[in-house]
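In what follows, chains are A, B, ... by sequence order, proteins preceding strands, each numbered from 1.
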2 protein chains.
Amino acid sequence: MKEDNEKYEQLDEETLFIVSQTFKALSDPTRIRILHLLGEKECNVSEIADELSLMQSTVSHQLRFLKNLRLVKFRRAGTTLYYSIDDEHVMTLLNQSIHHARHD
Amino acid sequence: MKEDNEKYEQLDEETLFIVSQTFKALSDPTRIRILHLLGEKECNVSEIADELSLMQSTVSHQLRFLKNLRLVKFRRAGTTLYYSIDDEHVMTLLNQSIHHARHD
DNA sequence: TCAGTATATGAATATATGCTCATATATGTT
DNA sequence: AACATATATGAGCATATATTCATATACTGA
């Protein structure tokens with residue numbers, strides 16, 4: 001008489017939401033490029049746009065996205081805003097994935 | 001005389017593609033639930049649908065997606081297909097994120 | 001206060017995504 | 001072969017997403 005009494009424990013709604021949101025942030029090439037650049041050095045908006053050949057507007061929109069998820073933060077210096085990484089854990093996920101993609 | 005001569009090394013196209021695809025797979029709640037369930041135990045399609053209260057068609061479509069990315073594999077037993085995890089690295093990313101979401 | 005520079009934002013658009021329905025395919029049984 | 005069961009697939013639809021353009025806002029210095 002054999003039976004699997006182990007009941008599968010579903011992920012709760014909140015965890016599911018947070019996890020999916022986190023990965024969604026990392027699922028777009030433009031956001032990945034921005035995060036990867038900020039992982040190297042703090043940058044202002046125009047520097048990001050120049051370095052990655054993106055429109056200023058595009059960068060700004062994506063930074064808002066990343067800022068809402070608290071993945072990046074910024075400091076102001078006059079009219080210039082310097083952005084940097086604000087979530088090391090997510091950067092760890094990103095770097096692991098990059099490493100894996102390259103060596104696999 | 002100070003100058004930053006460090007040139008930023010962009011991510012190459014292929015890495016960018018693989019990384020974004022990987023995270024895209026993990027960015028949808030339904031796929032996360034399926035992967036998490038398969039992380040617990042091998043399941044056939046109907047079991048997944050039942051356990052997660054999803055339509056058979058929905059499960060099948062998502063399994064195709066995950067299979068294309070080689071995140072899951074299956075074995076056949078008659079008309080029944082048993083699916084299981086095929087990429088432990090991606091499961092590691094998922095589990096880390098779940099852990100982080102819960103304890104943070 | 002006015003001009004100049006840096007950044008943010010809203011609207012419009014094109015594309016991608018996920019779900020559902022209906023149906024097809026595949027395998028096993030009689 | 002006919003039928004039943006398990007799974008896969010295509011089309012249609014609704015929603016989400018990313019980008020661009022035009023414009024607004026914020027700060028600085030003359």
Rounded to the Å, how far apart are B/Arg76 CZ and C/dT25 C1'?
-> 10 Å
Stacking here means centres under 5.5 Å and planes under 30°; does B/His61 stack on C/dC19?
-> no
So how far is it from A/Ile32 CD1 to B/Phe23 CZ, rounded to the nearest 0.5 Å?
-> 6.5 Å
Hey, does A/His100 have a side-chain heavy atom less than 4.5 Å from the side chain of B/Val90?
-> no
Select base, sugar-phosphate, or nothing to describe what B/Thr80 touches, counting heavy atoms under 4.0 Å on all strands.
-> sugar-phosphate
D/dA16 C1' sits how many Å from A/Phe17 CZ, rounded?
-> 13 Å
Are any of B/Tyr83's side-chain N or O atoms less than 4.0 Å away from OP1 or OP2 of D/dA6?
-> no
Under 4.0 Å between any heavy atoms, over every strand shown, what does B/Phe74 touch: base, sugar-phosphate, or nothing? Just pick one.
-> nothing
C/dT9 OP1/OP2 closer than 4.0 Å to side-chain N/O of A/Ser60 | no
Any A/Thr30 side-chain N or O less than 4.0 Å from OP1/OP2 of D/dT19 | yes
For B/Met55 and D/dA8, give me the distance from atom CE to atom P, rounded to whole Å.
-> 15 Å
Between C1' of C/dT7 and NZ of A/Lys67, the distance in whole Å | 9 Å
Tell me, yes or no, whether the heavy-atom count around A/Phe17 atom CZ, taken from other residues, nucleotides or ligands under 6.0 Å, exceeds 12.
-> no
Would you call B/Lys41 and B/Glu47 a salt bridge, taking side-chain N to carboxylate O under 4.0 Å as the test?
-> no
Separation of D/dA8 P from B/Ile34 CD1 (nearest whole Å) = 11 Å
Under 4.0 Å between a side-chain N/O of B/Arg64 and OP1 or OP2 of D/dT7, yes or no?
-> no
Closer than 4.0 Å, any side-chain N/O of A/Lys24 to the OP1 or OP2 of D/dA16?
-> no
Counting any heavy atom closer than 4.0 Å, what does B/Gln62 reach on the DNA or RNA strands: base, sugar-phosphate only, or nothing?
-> sugar-phosphate
Indicate, with a heavy-atom threshold strictly under 4.0 Å, whether A/Tyr82 touches base, sugar-phosphate, or nothing.
-> nothing
Separation of D/dA18 atom C1' from A/Arg33 atom CZ, nearest Å, is 14 Å
